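All heavy atoms count here, side chains included; hydrogens, waters and symmetry mates do not. Because the structure is predicted, anything quoted here is derived from the model rather than measured.
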Amino acid sequence: MAELAAAVQGSAGALDVLVNNAGVAFLGGFEETPLAEWQHIYAINVIGIVHCIRAFLPSMRAAGGPRKIVNVASTAGFAPMPNMAAYAASKHAVVGLSEVLAMELHGTDISVLVVCPGIINTSIVKVSPTSTSLGPAQKERLQRYYATDGCTPDVVAEDIIRSVERDDAFLFTGPLAKMGYTGMRVSRRLARRLAIATAKKSGYLPE
């Protein structure tokens, strides 16, 4: 990553906007999630962001002028579904990392945007490994849910552009994103009940 940053900065100069968008998941209960999956998910979802920021931030700071670090977390960073403990924990970590970074950069020209997408129709469900308790039929139902109830990635991209232009601190984009965040703030007990109901409808949990 340091070599990549040096190459980019050598040809284009310091970044105006750094977007950290990478995510892998494992679908299955906490007790069924192998330790290796926890390590794999954290290595990409959290440490990947750490590597990128460490590589690009010094030149962004030295260059001066308004600049933005965009960290893509997830609604799961606030309001997760069952059977995604490792993924949700990693996205909570992204939110926490971003909050601390924003405070440490307060008073500089660099600000931080935390992006929390809701249901987005990407291939993450299709390619994610699953525990033996989630059969093919349940995974297929979950894929259909993302395809029919989710929005496309270009919606998220356009929202990110607008949020960067407005210098926002948080962006909740896509179906259920704002609702999930607001629900957890109003009543965690109610929000958990709604999450379980949604999980049964979508395929995170068997009906």
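- For Met179, the CE atom counts as loosely surrounded, since its 6.0 Å shell holds 12 or fewer non-hydrogen atoms of other residues, nucleotides or ligands.
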*Full working for side chain to side chain contact (heavy atoms under 4.5 Å, CB included) between Trp38 and Thr33*: CA-CA 7 Å; Trp38 280 88; Thr33 304; 3.5 Å; yes

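- Heavy-atom contacts from other residues, nucleotides or ligands closer than 6.0 Å to CZ of Arg144 number more than 12.
- Between atom CE of residue Met184 and atom CG of residue Leu194 there is a gap of 11.0 Å, rounded to the nearest 0.5 Å.
- Hydrophobic clustering (side-chain heavy atoms under 4.5 Å, transitive across Ile, Leu, Val, Met, Phe, Trp, Tyr) keeps Leu105 apart from Leu113.
- Checked against side chain to side chain contact (heavy atoms under 4.5 Å, CB included), Asp16 has the following partners two or more places apart in sequence or in another chain: Arg67.
- Across all their heavy atoms, Cys116 and Thr75 have their closest contact at O-OG1, 3.5 Å.
- Nearest heavy atom pair, residue Gly28 against residue Ser131, reads CA-OG, 3.5 Å.
- Cluster membership for Leu134 and Tyr204, using ILVMFWY side-chain heavy atoms within less than 4.5 angstrom, is shared.
- Separating the CG atom in Asn83 from the OG atom in Ser133 is a distance of 6.0 Å, to the nearest 0.5 Å.
- One distance of note links OG of Ser163 with CD of Glu158; it measures 12.0 Å at 0.5 Å rounding.
- Judged by distance alone, the side chain of Asn71 and the main-chain N or O of Val114 form no donor-acceptor pair under 3.5 Å.
- Legend: salt bridge (charged side-chain N to carboxylate O under 4.0 Å, His left out) pairs involving residues 160-176, not counting sequence neighbours, sorted by first then second residue: Lys68-Asp167, Asp159-Arg162, Arg166-Asp168.
- In terms of modelled atom types and a separation under 3.5 Å, the side chain of Ser11 and the main chain of Ala7 share a donor-acceptor contact.
- Hydrophobic clustering, with ILVMFWY side chains joined whenever heavy atoms are under 4.5 angstrom apart, keeps Ile69 apart from Val164.
- Note that CD1 of Ile160 and CG of Asp154 are 11.5 Å apart. Values are rounded to the nearest 0.5 Å.
- Using modelled atom types, one side-chain atom of His92 and one backbone atom of Ala88 make a donor-acceptor pair closer than 3.5 Å.
- Residues meeting the side chain to side chain contact (heavy atoms under 4.5 Å, CB included) test with Met1, sequence neighbours left out: Leu4, His51, Cys52, Ala55, Phe56.
- A pairwise comparison of heavy atoms in Ile196 and Pro82 identifies CG1-CG, 4.5 Å as the closest pair.
- Tyr42 contributes a side-chain N or O that, together with a main-chain N or O of Ala89, makes up a donor-acceptor pair within less than 3.5 Å.
- Under the 3.5 Å distance criterion, the side-chain polar atoms of Gln138 are matched with a main-chain donor or acceptor of Gly203.
- With sequence neighbours excluded, the residues satisfying ring pair (Phe, Tyr, Trp, His ring centres under 6.0 Å) with Phe172 are Phe78, Tyr181.
- The shortest heavy-atom contact between Tyr87 and Ala25 is CD1-CB, 3.7 Å.
- Transitive grouping of hydrophobic side chains (ILVMFWY, heavy atoms separated by less than 4.5 Å) keeps Tyr145 and Val155 in distinct clusters.
- Expressed to the nearest 0.5 Å, how far NZ of Lys139 lies from OG1 of Thr130 amounts to 5.0 Å.
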Give every donor-acceptor pair under 3.5 Å between a side-chain atom in residues 118-128 and any protein atom, sequence neighbours left out.
{"residue": "Thr122", "atom": "OG1", "partner": "Ile124", "partner atom": "N", "Å": "3.3"}
{"residue": "Ser128", "atom": "OG", "partner": "Ile124", "partner atom": "O", "Å": "2.3"}

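- One hydrophobic cluster, built from ILVMFWY side chains closer than 4.5 Å, holds both Leu97 and Leu57.
- In this structure, the side chains of Lys178 and Thr173 stay at 4.5 Å or more apart for every pair of heavy atoms.
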*Would Thr132 and Glu32 count as a side chain to side chain contact (heavy atoms under 4.5 Å, CB included) if you check the C-alpha gap in whole Å, the side-chain angles of each, and the deciding distance to 0.1 Å?*
CA-CA 8 Å; Thr132 55; Glu32 302 162 338; 5.6 Å; no

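- A side chain to side chain contact (heavy atoms under 4.5 Å, CB included) with Ser98 is found for exactly one of Val100, Val95, Val94, namely Val94.
- Of the inter-residue distances, the one linking Arg141 atom CZ with Lys200 atom NZ reads 11.0 Å to the nearest 0.5 angstrom.
- Residue pairs that meet the salt bridge (charged side-chain N to carboxylate O under 4.0 Å, His left out) test with at least one member in residues 90-110, sequence neighbours left out, do not exist here.
- Counting all heavy atoms, side chain and backbone alike, Pro117 lies closest to Ala73 at CD-O, 3.7 Å.
- Ala14 approaches Ser59 most closely through the heavy-atom pair CB-O, 3.5 Å.
- Here the options are Ile53, Val50, Val70, Val72, the test is side chain to side chain contact (heavy atoms under 4.5 Å, CB included), and the partner is Asn20; only Ile53 passes.
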